[in-house]
Asks: 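What follows is a structure written as structure tokens; I'll ask about it next.
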Amino acid sequence: MREYLLTLCITAAVTYLLTGPVRKFAIVAGAMPEIRARDVHREPTPRLGGIAMFFGLCAGLLAADHLSSLNWVFEKSNEPRALLSGAALIWLIGVLDDKFEIDALIKLGGQMIAAGVMVMQGLTILWLPIPGVGNVALTQWQGTLLTVALVVITINAVNFVDGLDGLAAGMVCIAAAAFFLYAYRVWVSYGIEAAAPATLFAAILMGMCLGFLPHNMHPARIFMGDSGSMLIGLVLAAGAISITGQVDPDVMNLFSGSERETVHQMVPVYIPLLMPLTIIAVPAADLVLAIVRRTWRGQSPFAADRGHLHHRLLEIGHSHSRAVLIMYFWSALIAFGALAYSVNSASMWIVLGVVFLSAVGLVLLLLPRFTPRVPVWAQRFVPPRYRRRAGTGAEAEASSAAAEDAADEAGEASGNDERAPVTAGVAGVNGATAIGTHERFLDRS
């Protein structure tokens, strides 16, 4: 466990330290597209955050290769090299798209080629444990097609939810955490060494997301772009493919006891079929709804719009940060719920807990304008929007009325009834000091 935590910390540190220079490079390179109709942010923000995430991936693999307890993963398995090859190809395509806006069909072809490169180096699905049938071996063509389909679906699902600050990185980090716990349990509890590469991939993926999140939280100073979203989607799919199609369920020795006990014990065997789906359940649902919605309107499935789940949360009335937290909540509920059920499928408390948390999530969806009352002693620990402002009550109303009267008198004196618009800040790069003034900080003089 310590070696995985060390790899995670190295990956996060490299990603975090490189994001700042990458942001300056993106500004100089002009990787700041104009604001589109479907965008939520109001100021041009640099992209190419995937550059820092890719170098974090390389640093994590390099660090793991030099650790004595993880070096055998690179000696006995070719999966880390396959992951690095596919990640380099998909990252290059993403960088070109962030700069030059590549056509959607070309990106789709690049995703399939990246998946094919990983298949050629051994990262593929060899068999599937199907309930009621048993362990079904796949032919080479069946395994290749299934692997490519899973990689492409996961990449596009993660890319579709990358619409709010910190949304994609946070959701993938939550999914990677649940997947890491499951893969580590399969490796340690059952002694299956084939699950070690998937555990390593999940740890590195968590480090990539955690290192990038401080720069990407609202208001974001840099976006990961397609170079980052497609990269983390591919790493997530690689871990799922590794533990689903490479680990033989027969070595778990679960076929013992009565029929009922065998069914309960076989849950960890079937979870690899469900875990890749649960960790991307919310992005996959958004992907399916987007395809149905666009084809129903007679549009291309790749046509962009403002009908994604996060856009609908904003339209209901949720703030930017609250919409992101709600998406985090549902991702964590689905992923960790499946993980808890795999550990103890016979416990009714797990099912009741998931049902209760689902009800809590529905209540949060129906209360978009709810603002909690924070005590005075806890105001310094919460964001500014939850703090009580000075001069509340009658005093605040009197001051606001006096301000309106003064504005009306000023308008009448000037002979113009229209009020001048108030400028909130200087147009430029979001949070930048190189092009515009840094409007988020006050002048202390």
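For clarity, every value in this text was computed on a predicted model and none was experimentally measured.
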Asks: With the threshold set at 4.0 Å, does a side-chain nitrogen-carboxylate oxygen contact exist between Glu101 and Arg47?
Replies: yes
Asks: Quick check: does any side chain N or O of Lys99 sit under 3.5 Å from a backbone N or O of Ala29, one acting as donor and the other as acceptor?
Replies: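 Answer holds: yes.
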Asks: Could you please spell out the steps behind the side-chain contact (heavy atoms from CB on, under 4.5 Å) verdict for Leu8 and Leu210?
Replies: CA-CA 9 Å; Leu8 186 152; Leu210 290 176; 4.1 Å; yes
Asks: For Thr19 and Thr15, run side-chain contact (heavy atoms from CB on, under 4.5 Å): C-alpha distance rounded to whole Å, both residues' side-chain angles, the deciding distance at 0.1 Å, then the answer.
Replies: CA-CA 6 Å; Thr19 303; Thr15 304; 4.2 Å; yes
Asks: Does any part of the side chain of Leu200, heavy atoms only, come nearer than 4.5 Å to the side chain of Leu70, both counted from C-beta?
Replies: yes
Asks: Once rounded to the nearest 0.5 Å, what's the spacing between atom CD1 of Ile125 and atom OG1 of Thr144?
Replies: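 Rounded to the nearest 0.5 Å, the CD1-OG1 separation comes to 10.0 Å.
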Asks: Any sub-3.5 Å donor-acceptor pair from His215's side-chain atoms to Gly20's backbone N or O?
Replies: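 Looks like no, no N/O pair under 3.5 Å.
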Asks: Ile232 and Met53: side-chain contact (heavy atoms from CB on, under 4.5 Å), yes or no, with the steps?
Replies: CA-CA 8 Å; Ile232 60 178; Met53 304 179 78; 3.3 Å; yes
Asks: At their closest point, which heavy atom of Ile102 faces which heavy atom of Asp97, and how far apart are they?
Replies: N-OD1, 2.9 Å
Asks: Decide yes or no for Phe54 and Met208: does some side-chain heavy atom of the first lie under 4.5 Å from some side-chain heavy atom of the second?
Replies: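 The answer is no; the side chains never approach within 4.5 Å.
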Asks: Taking the side chain as C-beta and beyond, is there a heavy-atom pair between Met118 and Thr147 under 4.5 Å?
Replies: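 Answer no - side chains too far apart.
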Asks: Just verifying a value: how many Å separate Leu89 CG and Gln111 CD, rounded to the nearest 0.5 Å?
Replies: 10.5 Å
Asks: Does a side-chain heavy-atom distance below 4.5 Å link Ile174 with Met171?
Replies: no
Asks: Ignoring hydrogens and geometry, is there a side-chain-to-backbone donor-acceptor pair from Thr124 to Met120 under 3.5 Å?
Replies: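 Checked: no pair found.
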Asks: Does some side-chain heavy atom of Trp91 sit less than 4.5 Å from a side-chain heavy atom of Ile51?
Replies: yes
Asks: Under a 4.5 Å cut-off applied to non-hydrogen side-chain atoms, are Leu325 and Phe329 in contact?
Replies: no
Asks: OH of Tyr328: more than 12 outside heavy atoms within 6.0 angstrom?
Replies: yes
Asks: Where do Leu48 and Ser227 come nearest, in terms of heavy atoms and distance?
Replies: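 Smallest heavy-atom distance, with atoms named: CA-OG, 4.0 Å.
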Asks: What are the two closest heavy atoms between Thr45 and Ala220, and how far apart are they?
Replies: CG2-O, 3.9 Å
Asks: Decide yes or no for Asp165 and Phe223: does some side-chain heavy atom of the first lie under 4.5 Å from some side-chain heavy atom of the second?
Replies: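 Heavy-atom side-chain distance check passes, below 4.5 Å.
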Asks: Quick check on Phe74: does its CZ atom have over 12 non-hydrogen neighbours (other residues, nucleotides or ligands) under 6.0 Å away?
Replies: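 Enclosed.
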Asks: Rounded to the nearest 0.5 Å, how far does CD1 of Ile106 lie from CD1 of Ile93?
Replies: 10.0 Å
Asks: Checking Asn216 side chain against Phe212 main chain: does a donor-acceptor pair fall under 3.5 Å?
Replies: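 A pair under 3.5 Å: no.
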Asks: Work out which heavy atom in Leu67 is nearest to a heavy atom in Glu3; give both atom names and the distance.
Replies: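 Nearest heavy atoms, Leu67 then Glu3: CD1-O, 3.8 Å.
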Asks: Measuring from Leu61:CG to Thr11:OG1, what's the distance to the nearest 0.5 Å?
Replies: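 Reported to 0.5 Å precision, the distance equals 7.5 Å.
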Asks: For Arg81 and Gln121: C-alpha separation, side-chain torsions, deciding distance, then whether side-chain contact (heavy atoms from CB on, under 4.5 Å) applies.
Replies: CA-CA 8 Å; Arg81 299 177 182 85; Gln121 300 190 37; 4.1 Å; yes
Asks: Can you tell if the side chain of Met224 reaches within under 4.5 Å of the side chain of Asp162, non-hydrogen atoms only?
Replies: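 Sidechains of Asp162 and Met224: in contact.
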Asks: Quick one: does any side-chain atom of Ser242 pair with a main-chain N or O of Ala238 as donor and acceptor, under 3.5 Å?
Replies: no
Asks: Looking at CZ of Phe25 and CD1 of Ile222, how far apart are the two atoms once the value is rounded to the nearest 0.5 Å?
Replies: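 It comes to 10.5 Å.
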Asks: Report yes if the distance between the aromatic ring centroids of Tyr4 and Phe180 is under 6.0 Å, otherwise no.
Replies: yes
Asks: Just to verify, what does Phe55 make a ring pair (Phe, Tyr, Trp, His ring centres under 6.0 Å) with, not counting sequence neighbours?
Replies: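 If we apply the ring pair (Phe, Tyr, Trp, His ring centres under 6.0 Å) test to Phe55, skipping adjacent residues, there are no hits.
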Asks: If I take atom OG from residue Ser85 and atom CD1 from residue Ile90, how far apart are they, to the nearest 0.5 angstrom?
Replies: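 Rounded to the nearest 0.5 Å, the OG-CD1 separation comes out at 13.0 Å.
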Asks: Grab the two heavy atoms, one from Thr295 and one from Val292, that are nearest each other, plus how far apart they are.
Replies: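 Taking Thr295 first and Val292 second, the nearest heavy atoms are OG1-O, 3.1 Å.
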Asks: If every non-hydrogen atom of Ala59 is compared with every non-hydrogen atom of Ile10, which pair is closest and at what distance?
Replies: O-CG2, 4.3 Å
